[in-house]
Every structure is written in structure tokens, then in C-alpha cells.
2 protein chains.
Amino acid sequence: MKEQASRAVPDKPLEIHLGYWLRLVSNHVSGSFASALQVRQLSVAEWVALNHIERRADITAANLADAMHMTRGAISKIVDKLARKQCIVRVSSPRDNRAQLLSLTPSGKRTLPRLRAMADDNDEHFFGRLDTAERIELRRLLQKLADVHAIDTVPVD
Amino acid sequence: MKEQASRAVPDKPLEIHLGYWLRLVSNHVSGSFASALQVRQLSVAEWVALNHIERRADITAANLADAMHMTRGAISKIVDKLARKQCIVRVSSPRDNRAQLLSLTPSGKRTLPRLRAMADDNDEHFFGRLDTAERIELRRLLQKLADVHAIDTVPVD
DNA sequence: GACATCATGTTTCCATGGAAACCATCATGG
DNA sequence: CCATGATGGTTTCCATGGAAACATGATGTC
């Protein structure tokens with residue numbers, strides 16, 4: 001009598017789901033990076049926004065929202081904070097008075113390399129224990145998942 | 001003159017970080033599951049709490065907080081919601097009048113299998129496109145990361 | 001036994017982000 | 001030209017979760 005598997009609690013804990021492990025590790029990595037950024041008075045979302053603005057100067061808030069998979073409402077607040085911190089400036093688009101073009105201030109441009117170093121360190125700290133092959137494989141698997149589920153549906157135009 | 005790599009924007013986008021992909025995919029998986037749970041009027045956190053309570057009946061709120069890596073304040077609210085939804089009951093511990101023992105109601109026990117099926121479906125939907133070897137490898141890598149960084153520091157007693 | 005210390009659970013306050021309503025500005029069709 | 005709709009950005013409201021203060025009960029020390 002195999003310990004009556006019928007009425008017993010099904011032995012299918014949360015840990016059997018890959019999603020569980022993904023969330024566990026992901027939250028930890030992001031949380032650690034958030035702590036690191038905190039000494040610079042920045043949030044992860046703000047860091048991501050700065051990156052997008054750096055890569056594509058004069059991006060509009062709506063495009064930024066698409067690129068970051070966030071709502072325009074949330075972006076509005078983030079942009080507001082970054083502007084208050086003198087990291088970016090908002091300029092009305094000459095061809096559309098509704099839109100505002102976002103770009104880095106000199107101060108913003110100067111701080112980005114340091115932030116990037118922190119991001120590199122954080123990534124290295126977490127994934128450094130994997131050897132090169134493992135890191136490549138992890139990246140491949142994650143990209144495959146993103147690809148298969150069209151998570152990279154980022155119009156950004 | 002290699003397009004002056006000095007002053008140019010360093011070509012190190014967010015996507016080079018494994019943490020970026022981890023967060024991207026993880027958020028998507030969790031978000032999808034959250035949507036699925038929504039039709040049952042449950043949040044992901046509530047689902048996780050139900051699982052822990054099922055696995056360890058008469059767990060205290062403090063232990064649940066440890067197990068879920070959340071603060072007692074947050075757990076207090078989650079437990080409150082689950083109690084209001086008649087999924088669990090709170091009973092004062094006979095040996096410690098501060099502590100309250102949490103356990104599933106019959107209704108809670110009945111709904112858990114359906115929730116588990118939803119979780120299984122969600123996981124299968126997202127990771128089903130990976131073949132068996134890939135899924136095993138992904139699990140191994142994530143567990144290795146959790147292990148190396150002691151993310152599983154779950155006292156739970 | 002009295003008091004300091006600690007643990008449990010709740011509450012309050014804060015920050016974040018989505019949903020939806022809103023206003024201003026384009027764009028299009030009549 | 002103007003009415004209608006679409007779009008960009010802001011605001012308000014809501015839900016979630018952490019931080020910290022709090023009240024209550026347990027524990028330890030003297």
C-alpha cells in the first residue's frame with residue numbers, strides 16, 4: 001500500500017515549476033541591483049529608461065513606454081523623476097506640440113558609465129559562477145523563450 | 001579611424017546582461033499566470049501562500065513570511081484576504097497566544113487542485129517549446145544560481 | 001516576581017505601477 | 001472649415017509590498 005497517494009497531499013510543490021525558479025532567481029538579481037542603485041538614488045526602472053534614452057536620443061515618452069513595456073502613466077512619473085534629478089531634459093517636439101523629446105543632460109551622460117559598471121558588476125556577481133558554456137546556454141534558452149512567446153514585441157516606432 | 005569608439009555611445013545595451021533576459025521572461029511568465037489566476041479572484045502571492053499552507057498545515061504567519069521571503073506586514077494582508085475568501089482559517093495557537101495557526105478550509109482544499117492545474121498549464125505553455133533536455137538544463141542552471149547565492153535560505157523552522 | 005528583551009501580528013505610511021479618465025493636439029473625412 | 005476620432009502626456013484611483021511603529025504576549029535575568 002503505497003502510502004495512499006490518493007487522498008494525500010499531491011507531492012507537486014511549487015518547485016516543480018520552472019516559472020518558480022525563474023521568478024526566484026530573477027527577483028533576487030533585480031533586488032540586488034536595486035539595492036546597488038539605491039546609493040545613487042535611482043530605481044531600476046529609471047536606469048532602464050536612461051539606457052533607452054541614451055541609445056535613442058529624442059525618443060518620445062510614448063515610444064519609451066513601448067520599449068519598456070510599461071504604461072504611459074508610469075513612464076510619465078519616471079520621466080518626471082529623471083528630469084527633477086537633472087538626468088534628462090524634455091523638449092517639445094517642433095513637429096508635434098503634444099510630444100516631448102527626451103534626451104540626456106551632460107550630467108546624465110556622465111553618470112551613465114558608472115551605472116553601467118554597476119550593472120556589469122551585478123551581472124558578473126550573479127552569473128560569474130557559471131562557466132562560459134553555461135552562460136551562453138542560459139542566454140540562448142532565455143532568448144528562445146522570449147522569441148517563441150514574442151516577448152520582444154517592441155515597436156519602438 | 002574606427003568611427004571613434006571613444007566618445008561614441010558604448011555599444012553595450014541592456015540586452016547583454018543575463019539579468020535583463022531573466023527579468024524579461026520571468027515577468028512575462030508571472031504576468032501570464034497572474035492573469036489566469038485573476039478569473040479566480042486570486043493573486044500570485046495568495047496562490048503561493050495557499051501552497052505553503054497546504055504543505056505545512058498549522059504554519060504560523062511568521063513562518064509563512066519567511067517561507068515566502070516577504071515581510072510579516074505583507075503576509076498579514078494576504079492572510080487576511082485568504083481568510084475573507086474562506087480559503088483558510090486562523091486559529092490561535094494553544095501554546096502561544098500571539099501566534100495564529102493557518103490551515104486550509106474544505107473549500108480551500110477543494111479549489112487547490114484546480115489552481116494547481118492552472119499553474120501546470122501556465123508552466124507548460126511557456127516552457128513547452130523547450131525540449132526535455134533544454135528544460136532540464138534550464139532548471140539545473142537556475143537551481144545552481146539559487147544554490148550558489150543561497151537564495152533558498154528558507155528557515156521555515 | 002519584576003523588569004528588560006524579544007517575537008507575533010497589525011497598522012500606518014510610502015513608493016511603485018497598472019487602469020482609466022482627462023486634456024491638448026494632431027489627422028482625416030465630410 | 002469643422003466634427004470626429006486618434007494620439008501624447010498627465011492625473012487620479014487602486015492594489016501590492018516594504019519599513020517602521022505599535023500592542024500584545026512570551027522569555028530570560030536578576
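Just so you know, these numbers come straight off a predicted model, no measurement behind them. Just so it is clear: chains get the letters A, B, ... in the order the sequence lines come, proteins before strands, and each one is counted from 1.
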Report task. Please list, by residue number, the residues of residues 81-99 of chain A whose heavy atoms come closer than 4.0 Å to an atom of DNA chain C; answer none if no residue qualifies. Result -> A/Lys81, A/Asp96, A/Asn97, A/Arg98

Residues two or more places apart in sequence or in another chain: which of them pass salt bridge (charged side-chain N to carboxylate O under 4.0 Å, His left out) with [X]?
X        : result
A/Asp121 : none
A/Glu124 : A/Arg135
B/Lys85  : B/Glu46
A/Lys109 : none

Report task. Starting from C1' on D/dT7, measure out to CG on A/Asn63 and report it in whole angstrom. Result -> 12 Å

Query raised in the report: Expressed in angstrom and rounded to an integer, what is the separation of A/Asp80 atom CG from D/dG9 atom P?
Result: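 Interatomic distance, CG of A/Asp80 to P of D/dG9: 13 Å.
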
Query - Contact boundaries on DNA chain C for chain B, cut-off under 4.0 Å to non-hydrogen atoms - result: C/dA7 to C/dT12

Query raised in the report: Should the ring pair B/Phe126 and B/His28 be called parallel, tilted or perpendicular, given that the plane angle runs from 0 to 90° and is split at 30 and 60?
Result: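 It falls in the perpendicular class, over 60°.
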
Query raised in the report: Less than 4.5 Å apart, any side-chain heavy atom of B/Asp80 and any of B/Arg90?
Result: yes

Query raised in the report: Got a salt bridge between A/Arg129 and A/Glu134, using NZ or NE/NH1/NH2 to carboxylate O under 4.0 Å?
Result: no

Query raised in the report: Relative to the 5' end of DNA chain C, which residue comes earlier, A/Ile75 or B/Leu101, by the nucleotide with the nearest heavy atom?
Result: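 Taking each residue's closest nucleotide, the earlier one in sequence belongs to B/Leu101.
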
Query raised in the report: Do B/Ser93 side-chain atoms and B/Leu101 backbone N/O form a donor-acceptor pair below 3.5 Å?
Result: no

